[in-house]
Every structure is written in C-alpha cells, then in structure tokens.
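Notes to accompany the following structure.
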Amino acid sequence: MNEHVIKTENLKAGYDGRIIIDDLNITIPDGKVSVILGANGCGKSTLLKTCARLLKPEGGSVLLDGKELSKYPSKALARTLGLLPQSPTVPDGIRVTDLVSRGRFPYQKIMQGMSDADFKAVSEALSIMGIESLADKCVDELSGGQRQRVWIALALAQETDILFLDEPTTYLDIAYQIEILELLVELNRKKKTTIVMVLHDINEAARYADHIFAMKNGKLVAEGAPKDILTEDLINEIYGMRCKVIEDPVYGTPYIIPIGKQAEQR
Amino acid sequence: MTDQVLSVKAGYKKRNLHYALICMVLALLTLSLMCFELIYGKTVYTPAQIINAIKDTTGKAEGYFTIVTLRLPRTIIGALAGIAFGMAGNTFQKLLRNPLASPDIIGVTSGASVAAVFGILILGLSGSIVSIMAVVSGIIVACVLFFLSKGRGFSNGRLILIGIGAQAFLNGLISWMLLKASEYDVPTALRWLSGSLNGVKIEGAGLLAVVVICCSVCILLLTRHLQVLRLGDDFAVTLGAAPNMVRIALILLALLLTAFATSISGPIASVAFLSGPIADRLTGGGKDNMLSSAFVGSILVLAADIAGQYAFSVRYPVGVITGILGAPYLLYLLLRMNKKG
C-alpha cells in the first residue's frame, strides 16, 4: 500500500449553487478508519462526495498528494480512490462475479477481456468479503447483507488505497451492520486501506473508528479519536440532544445513552 | 493461480461462452431466414440459380428480376433494419433502465417518420436526402423529449409518458399528411404507419449497411462503459467513466440507427421495443445483450415479413405483424408499471 494524503483546503461545496460546506480544512489520516458524524443535512455526504470527486468544489480544493483531484486522469484516480455510493443499481439478472468484475473497469483497455490479474483481484475481493460460495449466484436472489458484501467486494476489486463508503450499513439488520463494519476494519488492518465512511450510529462509530470528524452546518466542530472527543457536550452540540456517555462494557469505547424529553418528566 | 481464482475464472468464462453460443445460434437463424426469403416465393429458386443471378451483371440470368430486384433488397434491408432497431431499442432500454424506453414507444421513430413522409410526399424528394431529414428530425424530437422531461431533475417515467404522448401526436401528423398527399396510395401509407419492406430498392441498402456497421461497432465498443453506467452515475464516476459523455454518445448512435432504418423501411413497429427483452430472456439476463438483441431484431423482421407474405390469404406488410406481437407486451408492461405505482 502506498501512502496518500487527502486534504481539503478552504473547501466550499454544495448542490446547484447552494453552499452546504463552507471553508472546511481537514486532513484524512492515512491508513486509518475515519468516520464522519453529524445530523441530517450537516454536509457529511456532501463532504464524502466532494472528496471522491462526485461533486465539484464550489470553491477551495480537494488535494490528493498535493495535487487537485480534477488534475488527475479519471481512470488513474479510480485506481487510487474508490467509493461505495449509498444506493447503487443492480442490473437485472447479473451474477456476483460479473458484478464484482465491474470494479476492474479502471484497469481495462478497450477491446480487452478480463486478464489473469483481473480475475485474481476479483477472486481476492470475494474471499475478503467471504462470498466465494456465492460467486455464480444471481445478485437479485441475495439477502440485503449479502448484497452489501457484493457491493463492497466490487469496490475492493478496484484495488484502491483509499476507500470511501456512504452509509454502508443503512437498511441492514443489526447483525449484518456489525458484520460489515468488522469486515471493513479487518480490511484496514490487513491491507492498510484508508477507510472513510459516513455512519448514523454514534456507538458503532465510537467502536470501529480510529478517527472521527464531527460536523455541524457544514463546519467541522471536532475531530480526533472517539475516546478524546465524544463527550455529552459535543453530542448536544451536533445533534441538539442531551445524552449520557458511559463506557461500552465490552469494547471499552464511549457509549451514548440518548436522553429524550420523556426522561426529563420522570 | 489458486483453485479459487480458477473457479471464478471458469464461471465467468462459462457464462461468456454460453452467451457467445446463443449469439451464434441467433446469427445462424438470421442467415437461414435470409436464405428462405431469397429461395421461397411464387417461384422457388435453387441456391445455384440465386448465386447465378446475383453474380450476373448483364441482367439476363434466369429469375434475375425476381431475385435481384425484388427479393435481394427486401432480404438485405430487412436484416439490416432488424439489426438497427434491435440494437437501438436495447441501447435505450439498458441506458434508461426501463423496457418502455424504446425509440418506437417514446416517439423518436415517429419523429424520424414525420420528416421522411414530409420529404417524400410533400416535397417530392427521394434517396439519401430523405434519410438525412429523418435523422435530423429524429434527433430534434429526441432533444425536445429530453428537454421536456428534464423539469426539476430528469425522470425516466416522465420521459416515457411525454414520449408516448409525442408518439400519438406525431402519428396523427403522419396520418394527416398521408391523407392530404396527392400521391396517396395504400402501400406508401402503410409503410409510414407501421413499416413495410414492399418495394424497397437496393440503392437504400448500401448507405444503411454503412450506418449499421459503423454505429453497431461503436455501440459494442462502448458496452463496457454502459456496464459501468448501469450501476448508477456515482459508481460510474468513481470507476473512472464519464457518464454524461457515454450517455450522449450511445443515444446519438441509437438515434442514427433508428432514423436511418426508419427512412428506408418505415418504422417497423415494436421491433426496437421487443428485441432487448427477448434477448434478455434467451440469455438469462445479466448481459448487455447488444449483439443478441441485434440478431433478435433481424429475426423478428425477417420472420414477420415471411409470415406477412405467405401465412395469410392476404399479404400484410411486416410492420402489421410485428405490431400485433408488440401490442400485448406493451399492455402487460403498462399494467405492471401501474401496479408498481
């Protein structure tokens, strides 16, 4: 794995001229698992999409190893930086291997079939995700958790040093959520892949992230290791909700107990 | 290589081989239907006689007129138009992720027809100028459709609804021009309403062949980009493709195919609409089915033309037969779309 530095400089970003992120300066820690936290509409996904060049910055820049993202040839960038979008589309009737093979697009030239290196990458992605046995199955027939593994395998087949994931656990049962997150952490430990993801569950973020970016209204409120920054005040600030922070009895990481209005009446 | 890599590779190769075999069978079927069109008719000619007549430059060989002037253009243009409609329809359907989004349903084909009818019947033109008018008009209609369905954010559903409306309007225009035209006669009318191979001339085949070969090769070369596009625009960009450029290129190529074929054979009803879904069924889905839907298109046109000529006591043009095939499938899709909401 090569070392890479992604950072934003005075980044302004948003949709259709509406600025959501204003003047953001962050550096993504290399080889770590980072999670972006924040309330709905605070600009988490916008930040992720801009860092993965799905959105053009309205101002400022996103730099990969000191060079602006837009200056890279698109296929070359696709070999360094991958992203799993929130709701990709499954082509009807496609098989698992064939779908995962799409991840090899940035390595393939016109008129060329799959090379042995391509098959090796696909097969490795399948085994990291533990879905070798599903290789020839129809993606339509898989469960939600299996399907999410297939999508992540596609992103892995891309063999990028940096992987962004936009809410990879949404719509999954709790058991699948944990499974997917553990697979991602394992991937990070094994291959030193830099992982950046948007998560909704603070406790899952606290447990699996090395580094947290806490955002509010398009601004960075705090960043650092979960233990250092997840406090009752910070949660109140970014979500507008009171809570109690205790220690996760199993993992020893911070654990958030939300406090609603009903609790106050007791 | 480890066993697992080999088994992944084997599964992938097996599916590709399966697809290649199906394409070969479809190609053979197309060729047999072409041979049948040349051999069979009021007079049945032997293959030797046919080869003789085609090779003959003096025009004196036995059956020269029937074979070279009547049957040969019909066969070649039927096959080419089938390829054009089949591939164009499949391109639209795969790109817009909806079986209803085929050029003959959303009015693009009718857009090309309107210009062709106007050029031939009102302006008295013929030949390649008519084809060019049809192409330009087809592209204009497509642009108008995309512009109208843009609204706040593009929606495939809106495109299809506006397209079905546009098609009804354009067909109305065609009927009106046919009624007003001085040269009004039934075969011409039928050609422009549902498509027909009656009286097509060999001169049209050359240009159509060039267009079909160029456009289909380009579409086939873009298939890998289309595969990535089908995962959604975000994934496509992440993988290093340029979704908007690929989309525009594929739509233009499909429009060229549709419009050129329409300007020669008329809008052979439902071929564009049916070929992709039939190819999907045959190959079990998951493939992009460009080549297979092209052959299915040819088979549909040739088989429908043969059935139209010989299966009934009256001769029907090919478009009437394909139209009858397409209608129930269209109803089925509309009902299903309605159920889904």
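In the text below, chain A, chain B and the rest are named by the order of the sequence lines, each starting its count at 1. Keep in mind the model is a prediction, meaning the values are calculated, not measured.
Contact annotation for residues 94-102 of chain A against chain B (heavy-atom separation below 4.5 Å, listed by residue number): A/Ile94, A/Arg95, A/Thr97, A/Asp98, A/Leu99, A/Ser101, A/Arg102. Along residues 57-76 of chain A, the residues that come nearer than 4.5 angstrom to chain B, judged on non-hydrogen atoms, are A/Ser74, A/Lys75 in order of number.
To the nearest 0.5 angstrom, A/Lys120 atom NZ is 8.5 Å from B/Thr2 atom OG1. Separation of atoms CG (B/Leu220) and CE (A/Met111) is listed at 10.0 Å; rounding is to 0.5 Å. If you take NE2 on B/His225 and CZ on A/Phe105, they are separated by 4.0 Å, rounding to the nearest 0.5 Å. Rounding to the nearest 0.5 Å places CG of B/Leu221 at 5.0 Å from CD1 of A/Ile110.
Of the atoms belonging to A/Asp136, heavy atoms from both backbone and side chain fall under 4.5 Å from chain B. Neither the backbone nor the side chain of B/Lys94 comes within less than 4.5 Å of any heavy atom of chain A. With a 4.5 angstrom heavy-atom cutoff, A/Leu83 touches chain B via backbone and side-chain atoms both. Of the two parts of B/Ala242, neither the backbone nor the side chain holds a non-hydrogen atom closer than 4.5 Å to a non-hydrogen atom of chain A.
Residues B/Leu231 and A/Leu154 have side chains in contact (heavy-atom distance under 4.5 Å, counting atoms from C-beta outward). Looking only at side-chain heavy atoms (C-beta outward), B/Thr238 and A/Gln158 come within less than 4.5 Å of each other.
Note on A/Glu124, A/Lys49, A/Met114, A/Arg104: by heavy-atom pairs under 4.5 Å with chain B, the leading option is A/Met114.
Heavy-atom minimum distance, A/Ser127 versus B/Gln4: CB-OE1, 3.6 Å. When all heavy atoms are compared, the tightest approach of B/Val5 to A/Ser123 is CG2-OG, 3.4 Å.
By the 4.0 Å N-to-carboxylate-O rule, B/Arg97 lies too far from A/Asp92 to be salt-bridged with it.
Between the A/Gln108 side chain and the B/Arg224 main chain, no donor and acceptor come within less than 3.5 Å of each other.
Within a 6.0 Å radius of OH in A/Tyr15, more than 12 heavy atoms belonging to other residues, nucleotides or ligands are found.
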Requested in this report: Check the pair A/Leu84 / B/Phe235 against side chain to side chain contact (heavy atoms under 4.5 Å, CB included), numbers first and verdict last.
Outcome: CA-CA 7 Å; A/Leu84 179 65; B/Phe235 237 135; 3.8 Å; yes
